[in-house]
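Structure, as structure tokens:
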Amino acid sequence: MAIDWTLYLVTDPDLAGGRDNVVSIVQEAVRGGVTVVQLRDKEASDEQIERTARELLGVLGDVPLFINDRVEVAAKLGCHLHIGQDDMAFREAREKLGEGQLIGLSIGSSDELAAIADDARPDVIGIGPVHSTGTKKNAPAGMGPAAAAALAHAARERGIESVAIGGIKTHNAHELAGSEFAGICVVSDIMAAEDPAAAAAHLKEAFHG
């Protein structure tokens with residue numbers, strides 16, 4: 001399954017000004033050039049996640065939808081899944097999902113990359129945080145673009161696509177242009193933007209250099 005990872009939006013209901021605004025912001029962001037969407041809402045119930053995911057599926061068209069951490073919801077809806085290091089084990093998640101449902105995995109160090117088994121590889125990894133960020137509770141300090149790019153290179157050598165995440169904004173996205181990252185993940189610069197479509201377009205332009 002060929003996916004354009006260039007601009008990967010991770011949703012945040014607080015930055016959106018409330019859960020009810022998420023779908024309309026995503027719709028605008030896709031119009032501006034977002035190529036992948038991840039529904040992340042740590043406080044929501046599975047029922048709320050499913051309801052929002054169904055609404056998103058109704059407006060995303062060909063843009064793939066990943067659901068953060070809720071493997072049962074992803075399995076039920078046929079969506080893709082993203083898991084962190086502290087979530088369900090990768091092999092367990094893979095067993096619960098159907099064919100064609102992709103899994104993304106968060107990676108924050110070379111040790112975590114090395115721990116990925118060749119016979120249980122995620123379809124994409126999110127490497128970060130690149131810069132220190134306040135949008136994820138208890139996130140470690142940013143590793144910097146050079147260290148992140150080195151991890152992206154190591155992942156590419158193993159045939160694993162990667163996207164950069166953590167504090168990536170319009171003013172610094174250019175730092176990752178020309179790297180082996182397939183794309184950038186953005187949260188606040190789109191979710192809290194007055195004009196999500198314009199924000200997405202500017203980010204995409206900055207990353208392409």
inquiry  = So does Val187 get a backbone contact from the side chain of Arg40, meaning a donor-acceptor N/O pair under 3.5 Å?
reply    = no
query = Between Glu95 (side chain) and Glu92 (backbone), is there a donor-acceptor pair under 3.5 Å?
reply = no
ask   = Would you say the side chains of Thr6 and Asp4 form a donor-acceptor pair under 3.5 Å?
value = yes
key: Ala164 versus Leu176, closest heavy-atom pair with distance   = CB-CD1, 3.6 Å
ask   = Tell me, which pairs form a ring pair (Phe, Tyr, Trp, His ring centres under 6.0 Å) where one or both residues lie in residues 89-114, sequence neighbours left out?
value = none
request  = Could you point out which residue of Thr170, Asn172, Ile168, Leu9 forms a side-chain contact (heavy atoms from CB on, under 4.5 Å) with Asp189?
outcome  = Thr170
task = Indicate whether the side chain of Lys169 and that of Ser188 have a donor and an acceptor atom separated by less than 3.5 Å.
result = yes
Indicate every side-chain donor-acceptor pair of residues 54-66 with a distance under 3.5 Å to a residue at least two apart or in another chain.
from	atom 1	to	atom 2	distance (Å)
Arg54	NE	Glu50	OE2	3.1
Arg54	NH2	Glu50	OE2	2.9

query = Going by distance alone, is a donor N or O of one side chain under 3.5 Å from an acceptor N or O of the other, for His174 and Glu205?
reply = no
message = Tell me the closest heavy-atom pair linking Arg70 and Lys42, and the distance in Å.
response = NH2-O, 3.4 Å
ask   = Just by distance, with hydrogens left out, do Thr52 and Asp41 show a side-chain donor and acceptor under 3.5 Å apart?
value = no
ask   = Applying ring pair (Phe, Tyr, Trp, His ring centres under 6.0 Å), which residue pairs with at least one partner in residues 144-164 are found, sequence neighbours left out?
value = none
key: Residues which pass side-chain contact (heavy atoms from CB on, under 4.5 Å) with Ala192, listed by chain and number, not counting sequence neighbours   = Leu15
note = Contacts of Asp20 meeting salt bridge (Lys or Arg N to Asp or Glu O under 4.0 Å) (sequence neighbours excluded), chain-then-number -> none
key: Side chains of Arg94 and Gln101 in contact at under 4.5 Å (non-hydrogen atoms)   = yes
key: Rounded distance [0.5 Å steps], CG in Asp123 versus CD1 in Ile160   = 10.0 Å
Return all side-chain donor-acceptor pairs below 3.5 angstrom for residues 194-202, not counting sequence neighbours, or 'none' if the list is empty.
from	atom 1	to	atom 2	distance (Å)
Asp195	OD1	Ala197	N	3.3
Asp195	OD1	Ala198	N	3.1

request  = Look up atom CD1 in Ile103 and atom CD1 in Ile83, then write down how far apart they are to the nearest 0.5 Å.
outcome  = 5.5 Å
